[in-house]
Visitor: 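Here it is, the structure in full.
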Amino acid sequence: MAAIVFEQVVKNFGSLQVLKGISGHINDGEVVAIIGSSGCGKSTLLRCFNRLETISGGTLIVNGIDLSQPNLSLNQLRQLRTDVGMVFQQFNLFPHMTVLDNLTLAPRKVLKLSEKESGRLARTFLDKVGLLDKANAYPEQLSGGQKQRVAIARSLCMRPKVMLFDEPTSALDPELVGEVLTVMQQLAEEGMTMAVVTHEMQFAREVAHRVLFLNQGQVEEAGPARDVIDTPQSDRLRAFLSRMSFAKTS
Ligand code: ADP
Ligand code: MG
């Protein structure tokens, strides 16, 4: 079963065509790394998956919801927002709320869980990312790596079926990258369906099942992660990989 299917997806911003007929899929339980140079459309594709952007053409189905239709019902939109979690480069935690309150907010508001239930859920996932002792801290008291692990735990509290990561380690000091990648690797090993935009090629190679290499709004190369990264076929991918870092997970 495919969690996400996209066929000939086009995205225009005014006269600028950013996605030029992109096709692919992400199966249930699969980790797909999306790589490519800045501006090639990686974030736009990811944002189409959870309807932060609407597509201009083609077909896109996410967890059975057809995002090609212009008007989704409120129920479908709510379902999509619950099913599909997203983690951004800049964490997006609420600075005036404790870690625990950041985690329980959406479960209380959207899933209508009680304070006790949402608190239990939050502690479970804080423990999972190794930050149970930070429950009462404020975001500014945390390192970048800790903030991103909180952001991941916050997403998990909604029990998503799919997780989207948009350069989750790009804003971090190099020594903090590993702790975030380790949490993501653990999620992958537990069978979470994941689409990960990343410049961490070692992570893509070892943790992703497949890699999509985008170039100027098109899929230039795609396939099993190790094949794509170890034996790139196109000159563009070879040139791209030669510029990338191959840092290890911790
Ligand atoms: P990437 O994530 O691969 O760096 P993006 O998907 O962010 O690339 O952007 C692809 C292209 O789309 C860029 O040229 C960018 O300027 C443009 N773009 C992205 N979002 C918008 C927007 N909301 N309005 C206009 N242009 C946009
Ligand atoms: Mg981007």
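Each ligand, and each atom within it, is numbered from 1 in the order the structure gives. Because the structure is a prediction, the values reported are computed rather than measured. Numbers for residues simply follow the sequence, beginning at 1.
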Visitor: Is there a chain of hydrophobic side chains (I, L, V, M, F, W, Y, each step under 4.5 Å between heavy atoms) that links V99 to M97?
Guide: no

Visitor: Which protein heavy atom lies closest to atom 19 (C) of ligand 1, and at what distance to 0.1 Å?
Guide: F13 CE1, 3.6 Å

Visitor: Side chain, backbone, both or neither: which applies to V18 and ligand 1 if a contact is any heavy-atom pair less than 4.0 Å apart?
Guide: side chain

Visitor: What's the shortest heavy-atom distance between S68 and L60, and which atoms?
Guide: OG-N, 3.0 Å

Visitor: To the nearest 0.1 Å, how far is atom 16 (O) of ligand 1 from its closest protein heavy atom, and which atom is that?
Guide: L16 CD2, 4.9 Å

Visitor: Among all protein heavy atoms, pick the one closest to atom 5 (P) of ligand 1 and tell me residue, atom and distance.
Guide: T44 OG1, 3.6 Å

Visitor: Looking only at protein heavy atoms, identify the closest one to atom 7 (O) of ligand 1 and say how far it is in Å.
Guide: S43 CB, 3.7 Å

Visitor: Under 2.8 Å from the Mg ion (ligand 2), can any N, O or S atom of S43 be found?
Guide: yes

Visitor: Under 4.0 Å from a heavy atom of K42: give me the atoms of ligand 1 that qualify, with their elements.
Guide: 1 (P), 2 (O), 3 (O), 4 (O), 6 (O), 8 (O)

Visitor: Could a heavy atom of G36 be found less than 4.0 Å from some atom of ligand 1?
Guide: no

Visitor: Does R238 CZ have over 12 foreign heavy atoms under 6.0 Å away?
Guide: yes

Visitor: Can you see which heavy atom on H199 is nearest to which on S170, and at what distance?
Guide: CD2-OG, 4.2 Å

Visitor: Among all protein heavy atoms in this structure, tell me which lies nearest to atom 4 (O) of ligand 1, with the distance rounded to 0.1 Å.
Guide: G39 N, 2.6 Å

Visitor: So if I apply the side chain to side chain contact (heavy atoms under 4.5 Å, CB included) rule between P168 and each of M184, M86, E200, which one comes out positive?
Guide: M184

Visitor: Is it the case that one hydrophobic cluster holds both M194 and V180, taking links as side-chain heavy atoms less than 4.5 Å apart, direct or via other members?
Guide: yes

Visitor: Is atom 26 (N) of ligand 1 close to the protein, meaning a heavy atom under 4.0 Å from it?
Guide: yes

Visitor: Check each of L176, V129, T182 against R149 using the side chain to side chain contact (heavy atoms under 4.5 Å, CB included) test, and report the only one that passes.
Guide: V129

